[in-house]
Visitor: 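Let me begin by handing over the structure; questions about it come next.
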Amino acid sequence: MSPEPSGPGSRVIRAQGVAQSRSLFDVEILRHAAVDSLRKLSLRTQARNPVMFVVLVGTVVTLVESIAHPTLFDWSITIWLFATVLFANFAEAMAEGRGKAQADTLRRMRTETQARRLGSGGAEELVQASDLSRGDMVVCEAGDLIPSDGEIVEGIASVDESAITGESAPVIRESGGDRSAVTGGTRVLSDRIVVKITAERGHTFLDRMISLVEGARRQKTPNEIALTILLAALTIVFLPVVVVLQPFGHFSGATVSVVVLVSLLVCLIPTTIGALLSAIGIAGMDRLVQKNVLAMSGRAVEAAGDVQTLLLDKTGTITLGNRMASQFIPAGDHGMEELAQAARLASLADETPEGRSIVALADELFNLRDQKLDERHVFVPFTANTRMSGLDLVGQKIRKGAADAVKSWVVEQGGRIPPGLDDTVASLARAGSTPLVVAEGPEILGVIELKDVVKQGMVERFDQLRSIGIRTVMITGDNPLTAAAIAAEAGVDDFLAEATPETKMELIKAEQEGGKLVAMTGDGTNDAPALAQADVGVAMNSGTTAAKEAGNMVDLDSNPTKLIDIVEIGKQLLITRGALTTFSIANDVAKYFAIIPALFVATYPQLNTLNIMKLHSPQSAVMSAVIFNALIIVALIPLALRGVKFRPVGASSILRRNVLVYGVGGIIVPFVFIKLIDLFITAVHWY
Amino acid sequence: MLTHLRRSIVASIVFIVLLGFGYNYAGLAVSRVFFAHQANGSIGKNGSPLIGQNWTGPHWFQGRPDSDNPLSTGAANLGPRSKLLVSDVAKQIAVLKREGIAPTADLVTTSGSGIDPDISPADAYDQVKAVADSNRLPVWQVRHLVDAHVHGRQLGILGSPYVNVLELNEALAAEKH
Amino acid sequence: MGFFWTVSATVVLLAITWRFLGSYMAAVFDGRINYLRWLERLIYRLLAVDPEQEQSWQRYAGALVVFSGVAILVTYTCMRIQQHIGINPQHQLDVKPALSFNTAVSFVTNTNWQNYSGESTMSFFTLMVALTVQQFVSASVGIAVAIAMVRGFVRKDCATIGNFWADLVRCILYIMVPISFLFGILWVAQGAVDTLGASVHVKNALTGFTQSIARGPMGFIEPIKQLGTNGGGPFNANGAHPYENPTPLTNLLSLVLVLAIPFALTYTFGKMAGKIREGVALLGAMVLIFSVWAGIAAYAEQRPNPAVARGAAVTHTVVRQKAGNMEGKEVRNGASASSLYNIASTQTSTGSVDSANDSFNPMGGFALLTGMMLGEVTPGGAGSGLYTILLMAVIAVFIGGLMIGRTPEYLGKKIQAREVKLAAIGVLVMPVTVLIMTAIAVSIHAGRVGALNAGPHGFTEILYAFTSQANNNGSAFAGLNGNTAFYNVMGAIAMLMGRFAVMIPCLALGGTLAAKGSVPAGLGTFRTDTPMFSGLVVGVIVIIGGLSFFPAVSLGPIVEQLSTGKFF
């Protein structure tokens with residue numbers, strides 16, 4: 001789906017957020033990319049990529065040769081070499097295309113906003129959003145677009161942030177605390193707020209986002225630089241390898257055509273990875289954007305792949321954050337069903353998550369769904385004073401609540417405390433659970449265990465992380481006992497209990513001392529130092545500006561589990577580069593077997609033994625290799641953009657698989673396709 | 001830099017004394033005391049059994065067609081597809097045939113040292129008839145001679161069995177008298 | 001059968017030296033071996049060196065380069081004045097400048113390429129004081145570099161990589177001298193010549209011929225020639241000469257001595273890295289390639305020589321070549337063991353030969369030539385094998401590490417732009433040097449006239465010469481006449497490139513890595529102690545060598561092999 005352009009002057013923009021954007025091969029993107037691949041032919045652009053620059057120079061050489069001594073073969077080679085350059089540009093343009101389209105949408109949002117600036121006397125004036133500067137105060141009311149990034153200094157409002165996050169549910173933003181930041185381009189749905197602008201002109205979050213998705217400020221990442229060096233080195237070594245064939249051939253009595261030498265050079269230098277390298281990097285950043293994460297630098301994305309320690313907040317990340325009933329423990333002679341029934345009745349009218357979870361558990365265990373409340377039941381709500389809630393029926397009073405409150409209620413009515421109750425309560429508390437005692441009249445029926453429930457699938461997730469060598473550390477404000485219990489249940493490797501910003505910081509530093517890379521999420525201002533210290537700091541978009549400034553990524557969904565996705569994307573980025581490098585180099589074997597016999601077969605007919613593909617003629621052999629070399633770039637664009645699939649298995653099995661697929665496969669594939677291309681061009685007499 | 005240079009010069013002198021003179025002269029001393037015969041080249045009455053000689057046949061058992069000049073050792077260095085090597089081999093085959101010897105590979109190729117003192121037992125047996133005829137000795141007697149001079153593998157396992165041409169010819173000479 | 005036993009004995013002896021020499025060397029460079037403490041201390045005092053005072057990689061490299069420069073000068077000077085300085089019973093004349101330069105560079109760079117015939121060129125003084133000294137020293141310098149580089153891998157946040165002088169002195173005193181001396185005794189006992197006497201003239205009473213036999217102080221030079229992967233024989237025939245390599249036993253032990261240190265250094269590496277398996281992985285890569293290449297050569301040399309077959313055919317004779325290709329080989333050693341000797345020597349950057357490389361069958365020659373083209377890492381020269389394969393390993397780690405999705409690490413050290421750059425320089429300088437120099441040689445008259453053989457074999461002779469020198473090997477397709485100003489100077493440049501343009505990046509890499517912190521290993525770490533890694537290293541070695549040299553080799557041995565029935 002492509003976004004509908006909004007009419008001029010319209011302040012209604014149907015932005016889709018970043019996530020729900022375009023498919024990989026949108027027609028519009030293809031068209032733009034095709035145009036851009038020509039535009040990228042400028043020398044300055046080409047010189048940035050040493051491998052493809054050599055191809056361009058080679059093309060010029062064959063072009064001169066073709067003009068001087070025109071033959072169909074020379075012209076065909078020239079055209080295919082030129083196509084190779086274009087294909088590389090096309091790959092990059094494709095990768096940029098999606099980001100550009102997103103940037104366009106975002107840009108419209110930025111330019112068409114107006115702001116109500118508060119003057120010094122409190123008077124409002126209408127100005128363009130782009131004219132706002134840091135420190136200005138603006139007023140936003142229901143229906144207004146927030147003109148720029150800022151902090152709410154007054155008021156509370158519900159805000160629709162779907163333009164940026166794609167999440168349609170509105171969020172609450174209020175002055176003070178950790179939820180005071182608002183982002184330019186989001187819409188106020190209710191109430192009135194006064195926002196103090198915190199971003200400089202042109203440096204708003206939206207601006208940053210635009211330049212990020214566009215790839216305008218893209219800098220090469222450390223691994224990319226290292227790989228570029230390796231590719232340049234290989235290119236440099238192939239230059240003499242090919243150039244010396246002229247004198248070698250001459251010594252052996254062979255004449256070697258310049259066009260064929262250029263063809264060999266282009267086939268040997270790692271054009272496949274050279275052409276796709278920047279596309280892989282851009283696409284990697286783009287994949288993060290698809291996940292609604294904005295990385296402030298490619299370096300951070302790469303670092304994510306290297307992370308060895310993941311610090312995760314307990315509440316909201318590992319656990320649901322709500323306490324849920326997990327079991328009924330009957331006391332005295334009472335049965336479990338009796339307890340469950342009473343507990344259920346007492347909770348039927350209790351709309352808190354805890355209450356609902358008690359009903360759900362009882363229903364699940366004893367199938368009690370048919371018992372309904374009617375007018376005879378009187379609900380007794382929880383108060384801070386009584387610290388219990390329950391139900392009154394004719395001659396029947398049921399209460400559930402904190403142990404000491406219920407106990408004293410029972411004693412008041414002349415009941416006894418069954419032996420063992422205190423032990424049960426104490427052991428549940430030790431295990432990190434909350435015990436709720438249930439009593440009916442003077443009888444204590446038993447205890448409900450309320451537990452902080454670990455999110456579904458977390459155990460598996462942590463297992464996967466462990467298998468790829470990442471240690472997870474749970475951060476919680478709970479006491480060590482509670483923390484240990486939850487850590488064990490969730491399957492994290494370690495925990496930091498009674499965490500404060502200081503202890504968090506110490507933990508990060510300690511891990512880094514040991515040479516490990518640490519990733520963490522945070523949203524509060526007090527998280528900022530730790531976010532800055534961590535190698536990968538993911539700030540929640542809902543968090544404070546300070547947190548967002550300190551981190552090197554922002555999660556627009558404010559979903560702390562995202563860290564795991566980020567790590568995977570980081571790894572995928574490197575894997576794709578490594579795999580295509582291996583593939584590219586492995587391809588050379590087949591190309592040699594195509595071209596070397598063709599080069600010298602006139603002088604040494606016996607070298608035709610090396611023509612194991614039985615290619616038709618020397619010319620068809622060279623041309624097939626060149627065509628393969630050009631087409632493989634196009635064929636691999638989808639892989640480069642999508643990335644090699646990452647599987648959360650151990651390093652050894654990933655390596656084995658990739659060596660097999662891209663190394664061994666890289667040796668075999670070109671043999672097959674060069675032969676097919678040779679058959680084709682021989683059939684159509686095209687050389 | 002200057003420190004490096006000073007140390008380099010001193011080190012060069014130290015190593016010349018220690019390794020150039022010390023090591024070599026210690027070795028020479030050990031050789032002279034314990035292995036005087038070998039150290040001097042294992043020279044016997046008619047030359048060294050380690051150094052091949054020219055034996056013009058068929059009066060003598062002949063070795064490989066080397067130049068046998070210990071003052072200028074080394075191989076012929078002709079490649080496996082060398083026309084020169086083809087013609088050298090052909091020439092040597094012709095020579096052997098004239099002498100009534102069935103040419104073997106060792107007898108038509110030159111060695112690595114240019115002074116190979118040995119031939120394979122097969123090479124020797126191939127020459128038995130020609131040598132016996134030329135010296136008017138019975139074939140069985142010459143064959144026995146060869147039998148007695150076949151060196152087996154060293155330590156029973158190393159290298160190839162061989163016949164030392166000098167030893168064999170010295171025995172042949174003794175046989176004749 | 002004999003070959004089977006030779007191979008078995010070699011394997012057993014090498015297994016023993018790998019384990020014990022390997023850990024012994026680790027102890028030596030750790031300063032834990034000190035039975036010659038008095039001598040060691042004396043040398044340090046003369047040099048004014050504190051062995052505990054470690055050096056940065058720059059200072060280490062600086063000391064090494066200056067020392068090598070002085071060594072070249074000293075060696076050069078000895079040759080230039082040998083006529084006047086004594087210990088010269090053969091009355092050898094002063095060596096000409098170009099040849100002296102080539103030879104001095106050759107011995108200092110552990111190449112031992114010889115553009116001369118030893119018995120008619122060098123005085124015993126030059127032999128002992130210039131050439132033999134360098135055989136000890138150049139090998140020890142190579143090992144020192146390897147050890148210094150490994151220190152870089154295993155240290156954390158450290159600015160230094162060892163003390164060059166201490167490493168050098170320890171290697172000479174505790175490794176080179178004792179082993180060489182012990183084997184020297186055995187060599188002389190087996191029949192190696194060892195005397196300062198002039199040539200003897202012996203008259204054969206039976207034939208009446210008089211033979212002049214050149215001799216010299218060879219017996220104790222031979223073991224260091226092999227042990228230090230030097231290869232420069234006092235006689236032109238080198239290991240084929242019965243005075244240098246008198247018996248099949250010395251032939252076998254030559255093989256073992258040549259391979260001992262390069263293989264054992266992988267154990268030393270593992271030991272220093274705290275995990276022997278790390279060394280085993282590199283050993284695995286070395287052994288795999290070595291075995292395949294040795295197999296190719298042994299098979300090729302058990303085949304008949306085509307020129308001999310043709311010679312027989314044109315004379316209508318049957319010449320059975322049951323023993324294989326005996327052209328250029330010694331009877332006592334046989335074709336198979338000879339091929340193994342030369343393979344060991346070409347793949348250790350030794351260059352000594354017990355048979356003529358030039359006369360190997362095409363595929364045998366292919367194995368010798370390409371064994372060097374793989375970069376002399378299987379197992380490579382003393383020290384140079386380890387430090388060069390570590391460069392290959394760094395590249396393997398880089399590509400492999402990317403494929404598992406982590407910034408690549410080797411022994412906990414992140415492999416980043418600088419490391420990749422240094423490794424790439426170190427690995428690629430050799431092929432570039434070889435190809436460009438060969439191209440120059442085949443393009444100009446001075447280069448073309450050197451070849452003895454015609455056709456592709458002549459091309460191979462020239463290609464082989466530069467491959468050998470740029471790899472600091474020193475073996476030759478000896479038909480090439482290299483004693484010309486052109487080849488002497490070009491060769492010297494190739495040798496200097498192959499030595500220092502590899503060593504310096506290695507030391508720089510060591511220094512860079514030493515300064516880095518270390519990443520603890522985990523499940524997500526790229527394992528470098530597995531067969532998989534050995535395979536990757538083999539892949540990198542074969543791919544880099546293969547891609548660089550396939551076109552050139554196809555014009556040499558490959559086309560020669562395919563030219564059935566054709567002679568040039």
Visitor: Name, in order of residue number, those residues of residues 130-145 of chain B that have a heavy atom at a distance of less than 4.5 Å from a heavy atom in chain C; otherwise write 'none'.
Guide: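 Within residues 130-145 of chain B, no residue comes under 4.5 Å of chain C, counting heavy atoms only.
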
Visitor: Please classify the contact of C:Ser212 with chain B as side chain, backbone, both or neither, using a heavy-atom distance under 4.5 Å.
Guide: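 For C:Ser212, backbone and side chain are both near chain B.
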
Visitor: Does any heavy atom of chain B fall under 4.5 Å from the side chain of C:Leu168, the backbone, both, or neither of them?
Guide: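 Only the side chain of C:Leu168 comes within 4.5 Å of chain B.
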
Visitor: Give the member of C:Val202, C:Val193, C:Asp194 that has the highest number of heavy-atom pairs under 4.5 Å with chain B.
Guide: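 Of the candidates given, the most pairs with chain B belong to C:Asp194.
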
Visitor: Using only non-hydrogen atoms and a strict under-4.5 angstrom cutoff, which residues of residues 100-112 of chain B touch chain C?
Guide: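 If one takes a 4.5 Å heavy-atom cut-off, the residues of residues 100-112 of chain B near chain C are B:Pro103, B:Thr104, B:Ala105, B:Asp106, B:Val108, B:Thr109, B:Thr110, B:Ser111, B:Gly112.
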
Visitor: Looking at chain B, which one of C:Val129, C:Thr195, C:Leu206, C:Leu196 has the largest number of heavy-atom pairs inside 4.5 Å, strictly under?
Guide: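 Ranked by heavy-atom pairs under 4.5 Å with chain B, first place is C:Leu206.
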
Visitor: Indicate the atoms forming the closest heavy-atom contact of C:Pro242 with C:Arg332, along with that distance.
Guide: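 Shortest heavy-atom contact: CA-NH2, 3.5 Å.
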
Visitor: Pull out the residues in residues 90-97 of chain B that come under 4.5 Å of chain C, heavy atom to heavy atom, sorted by number.
Guide: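 When heavy atoms of chain C are the reference, residues 90-97 of chain B contributes B:Ala90, B:Ile93, B:Lys97 within the under-4.5 Å range.
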
Visitor: For residues 71-86 of chain B, give me every residue with a non-hydrogen atom less than 4.5 Å from any non-hydrogen atom of chain C.
Guide: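 Those residues of residues 71-86 of chain B which have a heavy atom under 4.5 Å from chain C are B:Leu71, B:Ser72, B:Thr73, B:Gly74, B:Ala75, B:Ala76, B:Asn77, B:Leu78, B:Gly79, B:Pro80, B:Arg81, B:Ser82, B:Lys83, B:Leu85, B:Val86.
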
Visitor: Go through the atoms of C:Leu252 and report whether side chain, backbone, both or neither lie under 4.5 Å from a heavy atom of chain B.
Guide: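 Interface part for C:Leu252: side chain.
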
Visitor: Which region of C:Leu127, side chain (C-beta onward) or backbone (N, CA, C, O), has a non-hydrogen atom less than 4.5 Å from a non-hydrogen atom of chain B, or is it both or neither?
Guide: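 No part of it gets close to chain B.
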
Visitor: Considering only heavy atoms, which portion of C:Glu327 lies under 4.5 Å from any heavy atom of chain B: side chain, backbone, both, or neither?
Guide: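 Both parts, heavy atoms under 4.5 Å.
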
Visitor: Given a strict heavy-atom distance threshold of 4.5 Å, which part of C:Ile43 is in contact with chain B: side chain, backbone, both, or neither?
Guide: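 Contact with chain B is through the side chain of C:Ile43 alone.
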
Visitor: How close do C:Lys329 and C:Ala335 get, counting heavy atoms only, and between which atoms?
Guide: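 Closest approach of C:Lys329 to C:Ala335: CD-CA, 3.6 Å.
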
Visitor: For C:His241, which atoms come within 4.5 Å of any heavy atom of chain B: side chain, backbone, both, or neither?
Guide: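 Both parts, heavy atoms under 4.5 Å.
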
Visitor: C:Val177 versus chain B, heavy atoms under 4.5 Å apart: side chain, backbone, both or neither?
Guide: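 For C:Val177, backbone and side chain are both near chain B.
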
Visitor: Find the distance between OG (C:Ser336) and CZ (C:Phe4) and round it off to the nearest 0.5 Å.
Guide: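 Nearest 0.5 Å value for the OG-CZ distance: 13.5 Å.
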
Visitor: Looking at every heavy atom in both B:Trp55 and B:Asn169, which two are closest together, and how far apart are they?
Guide: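 Closest heavy-atom pair between B:Trp55 and B:Asn169: CD2-ND2, 3.0 Å.
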
Visitor: For chain B, find which of C:Val314, C:Leu46, C:Leu480 contributes the most heavy-atom pairs closer than 4.5 angstrom.
Guide: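 Most heavy-atom pairs under 4.5 Å with chain B: C:Leu46.
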
Visitor: In terms of heavy-atom proximity below 4.5 Å to chain B, should C:Val308 be classed as side chain, backbone, both, or neither?
Guide: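 C:Val308 touches chain B through backbone and side-chain heavy atoms alike.
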
Visitor: Indicate the ring-plane relationship of C:Trp165 and C:Phe67, choosing parallel, tilted or perpendicular according to the 30° and 60° boundaries.
Guide: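 Rings of C:Trp165 and C:Phe67: perpendicular, as their planes differ by over 60°.
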
Visitor: Given the options C:Ala192, C:Pro217, C:Gly364, which has more heavy-atom pairs under 4.5 Å with chain B than any of the others?
Guide: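 Winner by heavy-atom pair count: C:Ala192.
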
Visitor: Given heavy-atom pairs under 4.5 angstrom as the criterion, report whether the side chain, backbone, both or neither of C:Ala478 touches chain B.
Guide: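 Both parts, backbone and side chain.
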
Visitor: Around B:Lys176, counting heavy atoms of other residues, nucleotides and ligands shown, do more than 12 lie under 6.0 Å from its NZ?
Guide: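 For B:Lys176, atom NZ is crowded (more than 12 foreign heavy atoms under 6.0 Å).
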
Visitor: Give, as side chain, backbone, both or neither, the part of C:Leu452 having an atom under 4.5 angstrom from any heavy atom of chain B.
Guide: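 The answer is the side chain of C:Leu452.
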
Visitor: Is it true that, when you exclude B:Arg6 itself, more than 12 heavy atoms of the residues, nucleotides or ligands shown sit nearer than 6.0 Å to its CZ?
Guide: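 Buried by this count: over 12 neighbours within 6.0 Å.
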
Visitor: Can you tell me which portion of C:Val49 sits under 4.5 Å from chain B's heavy atoms? Options are side chain, backbone, both or neither.
Guide: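 Both parts, backbone and side chain.
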
Visitor: Please report the shortest heavy-atom distance between B:Gly63 and B:Ile119, naming the atom on each side.
Guide: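 Closest heavy-atom pair between B:Gly63 and B:Ile119: CA-CG2, 3.7 Å.
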
Visitor: Ignoring hydrogens and geometry beyond distance, is a side-chain donor-acceptor pair present between C:Ser338 and C:Asn333 at under 3.5 Å?
Guide: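 No, because no side-chain N or O of C:Ser338 sits under 3.5 Å from a partner of the opposite role on C:Asn333.
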
Visitor: Of all the heavy-atom pairs spanning B:Ala124 and B:Val146, show the shortest one and how long it is.
Guide: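 The answer is CB-CG1, 3.7 Å.
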
Visitor: Under 4.5 Å, counting heavy-atom pairs only, tell me which of B:Met1, B:Arg32, B:Arg64 racks up the most with chain C.
Guide: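 Among B:Met1, B:Arg32, B:Arg64, the one with the most close pairs to chain C is B:Arg64.
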
Visitor: Of all heavy-atom pairs between B:Ser113 and C:Ala240, which one has the smallest distance, and what is that distance?
Guide: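 In this case the closest contact between B:Ser113 and C:Ala240 is CB-O, 3.3 Å.
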
Visitor: Taking the six-membered ring where the residue is Trp, are the ring centres of C:Phe477 and C:Phe360 under 6.0 Å apart?
Guide: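 Ring centroids of C:Phe477 and C:Phe360 are no less than 6.0 Å from each other.
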
Visitor: If we define contacts as heavy-atom pairs under 4.5 Å, which of C:Ala205, C:Ser68, C:Ala337, C:Ser355 has the most with chain B?
Guide: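 Top count of heavy-atom pairs under 4.5 Å with chain B: C:Ala205.
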
Visitor: Answer yes or no: is there a donor N or O on one side and an acceptor on the other, between the side chain of C:Asn325 and the main chain of C:Asn305, under 3.5 Å?
Guide: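 Pair absent, no side-chain N/O of C:Asn325 close to backbone of C:Asn305.
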
Visitor: What part of B:Ile43 gets closer than 4.5 Å to chain C, counting heavy atoms only: side chain, backbone, both or neither?
Guide: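 For B:Ile43, the side chain is the part near chain C, not the backbone.
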
Visitor: Where on C:Lys566 is there a heavy atom nearer than 4.5 Å to chain B: the side chain, the backbone, both, or neither?
Guide: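 Contact with chain B: backbone only.
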
Visitor: Return the orientation label for the C:Phe220 and C:Phe181 ring planes: parallel under 30°, perpendicular over 60°, tilted otherwise.
Guide: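 Answer is tilted, since the angle falls between 30° and 60°.
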
Visitor: Need one label for C:Phe209: side chain, backbone, both or neither, based on atoms under 4.5 Å from any heavy atom in chain B.
Guide: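 Interface part for C:Phe209: side chain.
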
Visitor: Quick one: which of C:Pro246, C:Gly334, C:Pro306 has the most heavy-atom pairs under 4.5 Å with chain B, could you say?
Guide: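 Highest number of pairs under 4.5 Å: C:Pro306.
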
